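Below, chain A is the first sequence line, B the second, and so on; all start at residue 1. What's counted below: heavy atoms across the whole structure, side chains too, no hydrogens, waters or symmetry copies. Keep in mind the model is a prediction, meaning the values are calculated, not measured.
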Protein chains: 2
Amino acid sequence: MNIKEVANRARLSTATVSRTINQSGLVRPRTAEKVRRAIQELGYYPNTQARALVSGRSQMFGLIISDIVNPFFPELVKSFEFAAIHRGYEVIVANTDYNSERMGGCVRRMIERKVDGVAIMTSEIDSHLLSELAHRRLPIVFLDVGKVKPLISNIRVDYSKGIGEAVQHIVSLGHKRIGFISGPLTLKSARTRRSAFLKCISARGIGQRRQSVVEGNHKIDGGELAMTQLLSLREPPTAVLTSNDLTAIGALRAITRTGLRVPEDISVVGFDDIELSRFTQPPLTTIRLSRDELGRKAFDALYETVEGQARAGHEIKVGTVLVLRESTAPAKSKPRFR
Amino acid sequence: MNIKEVANRARLSTATVSRTINQSGLVRPRTAEKVRRAIQELGYYPNTQARALVSGRSQMFGLIISDIVNPFFPELVKSFEFAAIHRGYEVIVANTDYNSERMGGCVRRMIERKVDGVAIMTSEIDSHLLSELAHRRLPIVFLDVGKVKPLISNIRVDYSKGIGEAVQHIVSLGHKRIGFISGPLTLKSARTRRSAFLKCISARGIGQRRQSVVEGNHKIDGGELAMTQLLSLREPPTAVLTSNDLTAIGALRAITRTGLRVPEDISVVGFDDIELSRFTQPPLTTIRLSRDELGRKAFDALYETVEGQARAGHEIKVGTVLVLRESTAPAKSKPRFR
DNA sequence: TTCTTTTTTGTAATCGATTACACGCTTGGC
DNA sequence: GCCAAGCGTGTAATCGATTACAAAAAAGAA
């Protein structure tokens, strides 16, 4: 079922069939009609591979993420794919599993499959792999890493602003002792969020005890453990910011398990605003980072680099929104801790 | 950067290079060494598209799911991809969004991209699309639909057994009034689970009032709403089975919101065992359906149909496991409802 | 009608790989 | 020394599309 069969059936040449399909406008309407009928009758679809071979464009983008099971990613993937399909692109998703060796494999696969561009939404990337990609003149879009170069776009999330607003909110509620549960510090994104918090706190001149910044693992159990640590301090924080919502959910569990209440005794703020956050007990106040927007903008950046006339890489900003729910409340005047 | 450049650099023909790459064993070791060096120096990767064109195999599988944002799917996708990469296949994921029109688009994309097989893990499939695929001799694996035919494998989940065990568990705890919250009845999978429940109940001769089977939407809010309905009955059920875990979580919320407790007042059983279920308050008793297994077996079925000598479709069974946590307990002898 | 111009269609090269077939060089048997 | 067999390598066809160029057909001008 190839173009030749279509051509035979329509008693025309493959060139004419091709021209009809690609709307080049050089085909007489009556002829085009014949072609369309033959295509219909045979149920013909053009072979994308063959097309790719001659055009040098596979019409595929790679999307490298850490782990699709992490609830941060599915929405991002979905909006990326949605945008892609809309423009006739296909998407190859690859999970690094937070593992830089796997990352190498992902990059290799992308090159072999001749994708037209790669969105790297994870931070396990070393300069060696980067140059591998640059060498092939592959358009790239990063999340929060590196600089903008001719073919390299960059999406930058303004963590400082988001975390700043959250701290502002907490401070205005009268909290003095503010804790932070970070993600695993092996992760670039976790480090970025943590240092944004630290910077923000010191900028406000709030005395920050170093023991009230602890490390989680961006999952529920890690958040629970970290919060337990914080609760065992002589003076536990009265408000806790977290590096992502799963961590916050873990913190919620640790707090209610010790018989304290959120937000009456301790306020908790999440990060990301995953869907679940609306449904926790109590619903989570959190810093929303729109994954929809991330996915869409990542695609757009690649698309414009590939198809656009402007060949330069872009710098794309993505903001955050503080979503106020019920896990934050004014600090008690007399804390119930001794 | 193509095979010709490699051949030139190694002062050999493209045929020899190709033979070296494909380990056909007809190359003198010393020659092969030259080729490998040239490949190294140029950083050459074979063009998969060109390969696909001549071999007639794209080494890609399609994976059609409802919605990657639904927590049921990410694990399935991940295990499918993992298995695929392991065997040198790439995966194209497509979301139908529970929409049968989109499904048509997904199928078309799969055909255009010349995938070597399609796993359809959703039930928006009409016979027209099916014949479209069959017409192209594409190996297919379904989840819970259709019959096994030469190129069509089928994964069958034994819902009756799983739900049977759950009902057994609930009954042995002394519950008499057992409710069920189904998924949206537009979904095949939801209907299957619901009818498995009904069959199971009637087989045990438990008087089933029809008002205690209500419809949710497989999401948290739907479960909450449906549970609220059940609670407003004159004699609410003392135990509730649900069509998936999100629904159960919604039910949990509705119950605690009205001041009742789980499991003391009402027992709740989920379905699927998504990761979150371990972390609900209380942790959810649920019927585990291993998505890992689903993904892996779906891949294996396609792989064997494509590469294996046995060209027949398979029938694959996937079981369930009742996971006992803390959302189920003995029925109170004197229910606190009037 | 006849010739020119323009539009439509066809022929064949091309993309980057694989592979059937042919060719050349060793090697060994006689 | 000659020929057959066998191994290693090269030449060229092929996969299914697109497209430069050539050719044919239609339209317009005279």
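B/T31 comes within 4.0 angstrom of sugar-phosphate atoms only, judged by non-hydrogen atoms across all strands, and of no base. Looking at heavy-atom distances under 4.0 Å, A/S18 makes contact with a base.
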With 3.5 Å as the limit, what N/O pairs link the protein to nucleotides 21-23 of chain D?
none

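Taking both residues in full, the closest heavy atoms of A/P139 and A/L302 are given as O-CD2, 3.7 Å, listed atom of the first, atom of the second, then distance.
Residue B/I21 contributes atom CD1, which lies 12 Å from atom P of C/dT19 at whole-angstrom precision. With rounding to whole Å, A/N8 atom CG is found 13 Å from C/dG10 atom C1'. In this structure, NZ of B/K4 is placed 14 Å from P of C/dA13, rounded to the nearest angstrom. Remark: P of C/dT8 and NZ of A/K34 are 14 Å apart, rounded to the nearest angstrom. Atom-to-atom, CG of B/N47 to P of C/dT18 comes out at 10 Å; the value is rounded to the nearest Å. Rounded to whole Å, the distance from CE on B/M1 to P on C/dA17 is 11 Å. Rounding to whole angstrom units, NZ of residue A/K114 and P of D/dA17 are separated by 21 Å. Rounded to an integer number of Å, the gap from CG of B/L26 to P of C/dT18 is 14 Å.
An OP1 or OP2 oxygen of D/dA17 is reached within less than 4.0 angstrom by a side-chain nitrogen or oxygen of A/Y44. The phosphate of D/dG10 (OP1 or OP2) has a side-chain N or O of B/T16 nearer than 4.0 angstrom. Taking side-chain N and O atoms only, B/N22 has a distance below 4.0 Å to OP1 or OP2 of C/dT18. Side-chain N/O atoms of A/N2 include one lying less than 4.0 angstrom from OP1 or OP2 on D/dG16.
Salt bridge present: A/E307 and A/R57 bring a charged side-chain N and a carboxylate O closer than 4.0 Å. Ionic pairing of A/R30 and A/E33 is not present here: no N-O contact between side-chain nitrogen and carboxylate oxygen is shorter than 4.0 angstrom. Taking 4.0 Å as the cut-off between side-chain N and carboxylate O, A/E5 and A/R9 do not count as a salt-bridged pair.
Ring geometry for A/F61 versus A/Y89: interplanar angle under 30°, hence parallel rather than tilted (30 to 60°).
The side chain of B/R28 lies closest to D/dG8 when the candidates are D/dG8, C/dA17, D/dT11. The nucleotide whose nearest atom lies closest to any side-chain atom of A/L53 is, among D/dT11, C/dG16, C/dA17, C/dG16.
Looking at A/N2, its side chain does come within 3.5 Å of a backbone N or O of A/K4 through a donor-acceptor pair. Judged purely by atom type and a 3.5 angstrom limit, A/D272 has no side-chain atom pairing as donor or acceptor with the backbone of A/L289. A donor-acceptor pair under 3.5 Å is formed between the side chain of A/S58 and the backbone N or O of A/K114.
Where A/T14 and A/V27 each meet DNA chain C at their nearest nucleotide, the meeting point lying more 5' is that of A/V27. Along DNA chain C, the nucleotide nearest A/P29 and the nucleotide nearest A/A15 are compared for position; the residue whose nucleotide lies closer to the 5' end is A/P29. Comparing A/R51 and B/L12 against DNA chain D, the residue whose closest nucleotide sits nearer the 5' end is B/L12.
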